[in-house]
Each structure stands twice: as C-alpha cells, then as structure tokens.
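Just below is one structure, and these are the notes that go with it.
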There are 2 protein chains.
Amino acid sequence: MFGCIRGRKSSREKILDAAAELVSEVGSGRLTLDAVAERAGLSKGGLLYNFPSKEALLQGMIQRMVDEVSAEREALRGKLGGPNLEARLCVNAALKMRTGNMKEISNGMLAASSENPRLLEPVRHVLKDVLEHLKTTSEDADAALVAWLAVEGMCSLELHDISPFSEQDRERVVKAVNRLLDKGLSE
Amino acid sequence: MFGCIRGRKSSREKILDAAAELVSEVGSGRLTLDAVAERAGLSKGGLLYNFPSKEALLQGMIQRMVDEVSAEREALRGKLGGPNLEARLCVNAALKMRTGNMKEISNGMLAASSENPRLLEPVRHVLKDVLEHLKTTSEDADAALVAWLAVEGMCSLELHDISPFSEQDRERVVKAVNRLLDKGLSE
DNA sequence: TGCACCAAACCGTCCAGACGGTATATAAAT
DNA sequence: ATTTATATACCGTCTGGACGGTTTGGTGCA
C-alpha cells in the first residue's frame with residue numbers, strides 16, 4: 001500500500017516497538033503475531049515478510065536490546081570518570097535504559113525467555129564479557145561487582161513490573177551505588 | 001486438604017515441582033497442562049482436580065514461593081546477628097533459595113509473569129514490605145538497600161539462566177555484600 | 001520524459017495442530 | 001454409599017505459518 005519510505009521508522013523498527021509494548025500489556029507469553037501486526041500497522045503477511053518466523057522476531061528483539069545497551073555504554077565512555085570506570089559505564093547504561101522507549105526494549109528478554117530460553121544466548125555472551133571486564137579493569141572489583149548487581153537487580157524488578165521503589169528510592173540507590181564506587185569496599 | 005504429610009509427596013507438591021521443572025526446560029510460555037500432568041505422573045483430569053484451572057496452578061506456584069521465602073527468613077531470624085539484620089535475612093534467604101529444589105520454585109514467577117502478570121501481586125506485596133522494613137530498621141539503610149538489590153540481581157540472573165558467575169564469583173559477591181553490611185556506606 | 005520491467009514489501013485467506021477446559025467414567029477410601 | 005481422587009474422551013478456540021496474489025518504488029532504456 002504505502003512504500004517502505006513512509007514515515008521515519010522502518011517497518012522493522014515499528015514491529016519491534018509494537019512487540020515490546022505488547023509484552024508489557026498482555027504478558028510475555030501472550031505475544032501473538034496477529035497482535036504485533038495490528039499494533040505495528042501491518043498485515044500479518046507483512047510482518048512475516050520482515051521476520052519470517054516468530055523466533056526470528058524474538059531474535060530481533062534480543063539483538064536490538066544488546067546493540068542498544070552496547071551503544072549506550074560506548075557513548076558514555078569518555079563522558080565519565082573516577083575509579084571503577086567500567087562499573088560506572090554499566091550502571092549508567094542500565095539506568096539510561098529505563099528512560100524513553102528504551103525501557104520497553106528490554107521486554108524482548110521476557111518474550112524470548114518465555115518462548116525459547118535458548119534465544120537469550122547473545123545476552124549470556126554480553127554478561128560474560130561484562131563480568132570479565134569488571135573483574136580485570138576495576139580498581140575495586142568487589143565494589144564494582146556489587147554496584148553492578150545492585151543496579152541490575154533494580155532494573156530486573158522494574159522489568160517484571162514488581163518494583164516497590166519510588167522515584168526517590170531509586171535516586172537514593174543510585175547515589176548509594178555511586179558512593180560505593182567512589183569509596184570502594186576494601187580497607 | 002494436606003494428605004500425605006509424612007513420607008511420600010502429595011499430588012499437589014508433585015504437580016508444583018513438575019511445573020517448576022518444566023518452566024526451565026521448555027520456557028515459561030510453553031508450559032502446558034498436558035506436559036505438567038505427564039511429568040507429575042498424573043492424567044490431565046487428575047491435574048485439573050487439584051488445580052481447577054491453569055491460573056490456579058500458577059497461583060499455587062507463586063504462593064509456594066512466597067511462603068517458602070518467608071519461612072526461610074523466619075528460620076534465619078535469631079541465627080544471624082550484626083548490624084542491618086533485616087538486610088542479612090533477605091540476603092541469606094535469597095541465597096538459600098538457590099539450593100536444592102528450591103531453586104526451581106522461583107520459576108513460578110516466570111510462568112506467572114508469562115501468562116498473567118497480575119498473578120505477581122503477592123510478590124509485589126512482599127517486596128513492598130521488605131523495602132519498608134529495610135528502610136525503617138536498618139542502621140545503614142543505603143548499605144542495606146544496595147546489598148539487598150545486589151543479591152536480588154544475582155538471583156535474577158540465575159532465574160533467567162543467564163548468570164555468568166562461577167561458584168567462586170558468587171562466594172566473592174556474598175562476602176563483599178556482607179562486608180558492605182558490616183562496614184556500612186555512610187561516613 | 002515516458003515506459004517496460006523487476007524485486008521488495010505487503011495483503012488476505014486458509015489450515016493443521018495444539019491448547020485449555022468439560023463431561024463423564026472409574027477406582028479407592030471412608 | 002457417599003466422597004475423594006484419578007483416568008479417558010472429546011470439543012471449541014486460537015495460533016503459527018504457508019501460500020498465491022497485489023501494490024510499490026526504483027532501474028535501465030529509448
């Protein structure tokens with residue numbers, strides 16, 4: 001009907017956005033191709049043209065999340081300083097993911113985990129790298145690990161929509177985490 | 001209601017175990033009543049006798065998890081000391097959940113989140129209470145929050161089966177968290 | 001500029017299988 | 001004999017995916 005140049009977003013992105021939104025609305029296990037197509041303003045055929053299978057769609061969601069986080073980390077590099085730099089990158093990148101439409105991008109993890117846990121392999125790989133980086137480059141690896149995990153834990157609670165934290169609570173935790181990275185943990 | 005308390009497991013428990021196992025094998029969104037029945041060594045009719053609907057089964061999984069954690073916390077109370085006691089209870093209870101078959105009990109969260117996020121309401125309640133307790137009773141609330149979140153983050157990674165941590169890494173994190181609770185975070 | 005052509009993008013329909021749930025029969029226990 | 005607990009058979013609905021056809025934007029050429 002309309003060409004692929006209509007609007008600013010590509011069909012691919014609109015589909016991924018639609019899928020991410022739907023996950024938080026209907027639950028990760030209730031994500032259907034029909035619903036995604038409708039939300040994205042496409043027919044089911046059009047959807048299956050862009051992603052030849054549901055698994056391909058989920059892979060796309062995961063990949064976008066991985067790429068987005070990685071890009072955010074690199075964008076922050078150079079803008080941040082202080083000890084335990086790698087941990088700071090992780091912390092701030094994770095926090096950035098809570099803003100804008102990036103928040104829902106992480107829903108791809110839930111959808112993939114729901115359908116086929118094997119699809120999380122790219123995430124495993126990233127986490128492994130992050131852990132290695134943190135352990136080898138941090139001035140205080142213990143503090144770096146705890147700080148990273150704390151933010152990861154907070155994001156995880158929000159991802160599942162079970163976070164009891166208010167915005168004030170969140171800021172408080174962020175400050176505490178930064179203090180931990182400043183002070184360190186060892187004597 | 002609670003039939004065989006001694007010796008053999010009740011059908012209810014076998015069903016809940018089977019469901020929890022299946023979640024980590026096939027994915028939280030692929031959990032079917034037929035599969036649960038087969039794994040539990042029951043017919044589908046027998047399963048539906050114990051849990052009249054799939055939602056009831058998921059509720060049962062969630063409730064068992066909540067009860068189990070709560071029991072673990074109370075069992076630890078009195079056996080632990082030092083500052084920030086509530087945080088220590090949370091940390092150690094969460095760690096205990098990683099052992100034995102308790103590890104898979106948490107899979108109920110994934111299954112419920114996948115099918116109907118509303119079923120996580122009991123979990124929200126618990127988390128809200130925990131946060132309140134931590135904020136009001138801790139000597140160093142900041143340290144308590146960070147410590148709690150760090151362990152929660154680690155458990156979350158394992159729940160999704162994407163944890164990059166070795167057993168040594170885990171012990172290291174646990175020690176670091178305990179050090180944080182000992183030392184505190186404020187000056 | 002106009003025209004023939006093509007691959008990319010998209011649509012609408014159809015279907016086999018899977019799933020949750022019901023109805024009913026059967027066995028065991030009290 | 002009544003209740004509890006399990007098994008069997010079946011139904012209606014929904015889903016992922018296949019398929020053939022259609023429109024679109026672009027390209028080469030005259």
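Note: hydrogens, waters and symmetry copies are ignored here, and every other heavy atom, side chains too, is used. Only a predicted model underlies this, so the values are computations on that prediction, with no experimental measurement involved. We name chains A, B, ... by the order of the sequence lines, and we start the count at 1 in each one.
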Handout entry: Aromatic ring pairing A/Trp148/B/Phe165, orientation class (parallel under 30°, perpendicular over 60°, tilted between)
Key = tilted
Fill in the blank from the handout: side chain to side chain donor-acceptor pair (under 3.5 Å) filter on A/Thr99, not counting sequence neighbours, yields none
Handout entry: B/Arg30 CZ to C/dG20 C1', straight-line distance once rounded to whole Å
Key = 17 Å
Handout entry: Closest-nucleotide 5' rank along DNA chain D - winner of B/Ser43 and A/Thr32
Key = B/Ser43
Practice task
Would you tell me if any nitrogen or oxygen in the side chain of A/Asn50 comes within less than 4.0 Å of OP1 or OP2 on C/dC10?
Solution key: yes
Exercise for the section: Spell out, as yes or no, whether a donor-acceptor pair under 3.5 Å connects the side chain of B/Asn84 to the backbone of B/Glu139. Expected result: yes
Practice task
Would you check if B/Val130 and B/Val126 make a side-chain contact, meaning some heavy-atom pair closer than 4.5 Å?
Solution key: yes
Fill in the blank from the handout: Rounded to whole Å, CZ of B/Phe51 lies from P of D/dT6 at a distance of 12 Å
So which protein N/O to nucleotides 21-27 of chain C N/O distances come out below 3.5 Å?
unit_1 : atom_1 : unit_2  : atom_2 : d
C/dG21 : OP2    : B/Lys54 : N      : 3.0
C/dG21 : N7     : B/Lys44 : NZ     : 3.0
C/dG21 : O6     : B/Lys44 : NZ     : 2.8

Exercise for the section: Quick one: label B/Leu57 by what it contacts on the DNA or RNA (base, sugar-phosphate, nothing), any heavy atom closer than 4.0 Å. Expected result: nothing
Problem - B/Ser11 vs D/dA5: side-chain N/O to OP1/OP2 distance below 4.0 Å - result: no
Exercise for the section: Determine whether the side chains of A/Asp169 and A/Ser166 contain a donor N or O and an acceptor N or O closer than 3.5 Å. Expected result: yes
Exercise for the section: Determine which pairs satisfy salt bridge (charged side-chain N to carboxylate O under 4.0 Å, His left out) with at least one residue from residues 84-100 of chain B, sequence neighbours left out, and list them in order. Expected result: B/Glu72-B/Lys96, B/Arg73-B/Glu86, B/Arg77-B/Glu86, B/Arg88-B/Asp182, B/Arg98-B/Glu158, B/Arg98-B/Glu167
Fill in the blank from the handout: To the nearest angstrom, the CG-P distance between B/Leu47 and C/dG20 comes to 10 Å
Exercise for the section: Ignoring backbone atoms, establish whether B/Tyr49 has a side-chain N or O less than 4.0 Å from OP1 or OP2 of D/dA5. Expected result: yes
